[in-house]
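Chain letters run A, B, ... following the sequence lines, proteins first, then strands; residues in each count from 1.
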Amino acid sequence: MIDIRLVRDDTEAIKAALGRRGIDPADIDRLVALDAQARSSIGARDEVRARIKAISKEVGAARRDGDTARAEALSEESRDAGERERELDVTATDIQDQVRSILLVLPNLPSADAPDGAGPEDNVVARSWPEVAPVYGDHQRVPHWEVGAALGLLDMERGAKLSGSMFPLYRGMGARLVRALESFALDRHADAYEEIRPPTLVLTETMVSTGHLPKFEEDAYHLERDDLWAIPTAEVPLTSMWRGDILDEADLPLRLTAGTSCYRREAGSAGRDTRGLLRVHEFEKVELFAYSTPDQAAAEHEAMVARAEDLLQALGLQYRVLDLCAGDIGLSAARTFDLEVYSPGVDMWLEVSSVSWCSDYQARRANIRYRPEEGKGPVFVHTLNGSALAWARIWAALVETGRQDDGSVVLPDVLAPYLGGRTVVDAPG
RNA sequence: GGAAGGGUGGCAGAGCGGACUAAUGCGCACGCCUCGAAAGCGUGUGAGGUGAAAGCCUCCGGGGGUUCGAAUCCCCCCCCUUCCGCCA
């Protein structure tokens, strides 16, 4: 959530900032009006409450003095006030809920540094790696689902048999590659990030804290019987680890990493990129996550992007970094860099990481604060998250990039320790 | 799943219908003392909302109820501990 006080006190600036994301200024005016209404109704209710408390004290005093008649009269007055209080409370609560439900779907304020633009076409390519684009041979122009099927690494048909389409099933070296990638990434960040293995089914509140609910309910798997949600990213449980808590400044930045399965219904993208591993309902991902002070956030964000890039460089995959424009940044983020890997078999740039600085947007939802060493009360932390790569698409890019003339696949040397020393997947026959 | 006991401020822990404005201890901050420190003594120490301020209101796991008045009584739910059952 953004700070309602900012909306109240600096309405025009908020309209301008959210206007960059396509929010209608009239919506903000409506919110401001509703907020004013909420505050006045809270005031009216609290006045009556104060009256009731005062009367109750007098009743107690009258009882002690044995003045039953006076106690009765006061009780009667308080009963009437109680009725009014209930009515006023219903009104106040209702209006407050309306304000909150608007705030919950209102996106974060974009960073001033984020480029202008309305959609994906306006994103800016910040840099590419390697500087000189590689040249790919014909043997690399084979899509990973064909390579995977031929070498017995990937069996999409059997995955669909078990769970429906877009649920991959890896086999043999293909399965081991997924495991290797996860270990590789977690080990790579062990120097600065605490490894977490969180639950992957979470409460509604946990999903609301990151911004995945209520707005994107259609994208999430929900287990109705137990009212639990399957996480779309480890960012969800990691954000809520300190939900409702107040951290010490000395604890920050607090860095966490987790490898989990991620579940996405992909409701809005039916029919698009459905081949192979381009878009799947379940995939593995290693996430980097940090809570920081506002001052630390920019450096933390940069460092996180560098770490994601480091993984791609270590794997030898061609990629580019996109600075997302205001119109394309996700709900909770103020600024986001996407990493896209080039996959020669499908001849596409595949998004494999999204590194976001969410300022205090999620922290306000989740009520996560810290006590500054200098100064007054607790303030909201900033949250940052980034994929230390999503392995389904990396898997695809590795298999396509590594395909040799003879049909075999050569995997990066850095993975050798995780693959039992063997980085070659032989062609059949 | 069954039984019992619990969930109170940063922590420990008392309170079990009206002075709760939540005791007390620890911790923390400041002061006194000291060459300096420890000890000791003193003072102060939760969060949120609203308001120019004084103040007012909310929060004792969550929700609902009883009452003039609820941390305290009743109902439902969640979580923790122990025991039993079941289970990878």
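Side-chain contact between A/Leu109 and A/Arg20: absent, with no pair of heavy atoms (C-beta onward) separated by less than 4.5 Å.
Of all nucleotides listed (B/rG69, B/rU21, B/rC56), B/rC56 comes nearest to the side chain of A/Ala50.
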For this session: Give the intermediate values and the outcome of ring pair (Phe, Tyr, Trp, His ring centres under 6.0 Å) for residues A/Phe283 and A/Trp395.
Result: CA-CA 11 Å; A/Phe283 60 94; A/Trp395 193 103; over 10 Å; no
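Between the A/Glu282 side chain and the A/Phe167 main chain, no donor and acceptor come within less than 3.5 Å of each other.
Listed pair A/Arg51 / B/rC68 fails the phosphate criterion, with no side-chain N or O lying under 4.0 Å from OP1 or OP2. Close to B/rU50, at under 4.0 Å from its OP1 or OP2, lies a side-chain N or O of A/Arg8. When the side-chain nitrogen and oxygen atoms of A/Arg369 are compared with OP1 and OP2 of B/rG48, one or more of them lie within a distance under 4.0 Å.
Salt-bridge check for A/Lys285 with A/Glu351: failed, with every basic side-chain N at 4.0 Å or more from each acidic carboxylate O. For the pair A/Arg84 and A/Asp80, the salt-bridge criterion is not met [side-chain N within less than 4.0 Å of a carboxylate O].
Whole-Å rounding puts the A/Arg86 CZ to B/rG64 P distance at 13 Å. What separates NZ of A/Lys53 from P of B/rC56 is a distance of 9 Å, to the nearest Å. Put simply, CZ on A/Arg243 is 12 Å from C1' on B/rG62, counting in whole angstrom units. Rounded to whole angstrom, the span from the CG atom of A/Asp3 across to the P atom of B/rG48 amounts to 12 Å. Rounding to whole angstrom units, CD of residue A/Glu85 and P of B/rG65 are separated by 11 Å. Summarising the geometry, the separation between CD1 on A/Ile55 and C1' on B/rC68 is reported as 8 Å, rounded to the nearest angstrom. As rounded to whole Å, 15 Å separates atom C1' of B/rC28 from atom CD1 of A/Ile246. Residue A/Arg371 contributes atom CZ, which lies 7 Å from atom C1' of B/rG10 at whole-angstrom precision.
Between A/Tyr291 and A/Trp242, the two ring planes are perpendicular [angle over 60°; tilted spans 30° to 60°].
When the P atom is compared between B/rU82 and B/rG13, the two are found 16 Å apart, to the nearest whole Å. Going from the P atom of B/rG44 to that of B/rG62 covers 30 Å, rounded to whole Å.
Residues satisfying the side chain to side chain donor-acceptor pair (under 3.5 Å) test with A/Thr383, not counting sequence neighbours, are A/Gln362.
In a base pair of the Watson-Crick type (N1 to N3 plus N6-O4 or O6-N4) or a G-U wobble (N1-O2 and O6-N3), with each distance short of 3.5 Å, B/rU72 is matched with no nucleotide. Pairing for B/rU81 goes to B/rA4, judged as Watson-Crick or G-U wobble with the two contacts each under 3.5 Å. Across all strands shown, B/rC28 forms a Watson-Crick or G-U wobble pair with B/rG44, both key distances being under 3.5 Å.
RNA chain B lies under 4.0 Å from at least one heavy atom of each of the following residues of residues 60-83 of chain A: A/Gly60, A/Arg63, A/Arg64, A/Ser75, A/Ser78, A/Arg79.
Mapped onto RNA chain B by nearest heavy atom, A/Gln96 and A/Ile52 fall at different nucleotides, with A/Gln96 at the one closer to the 5' end.
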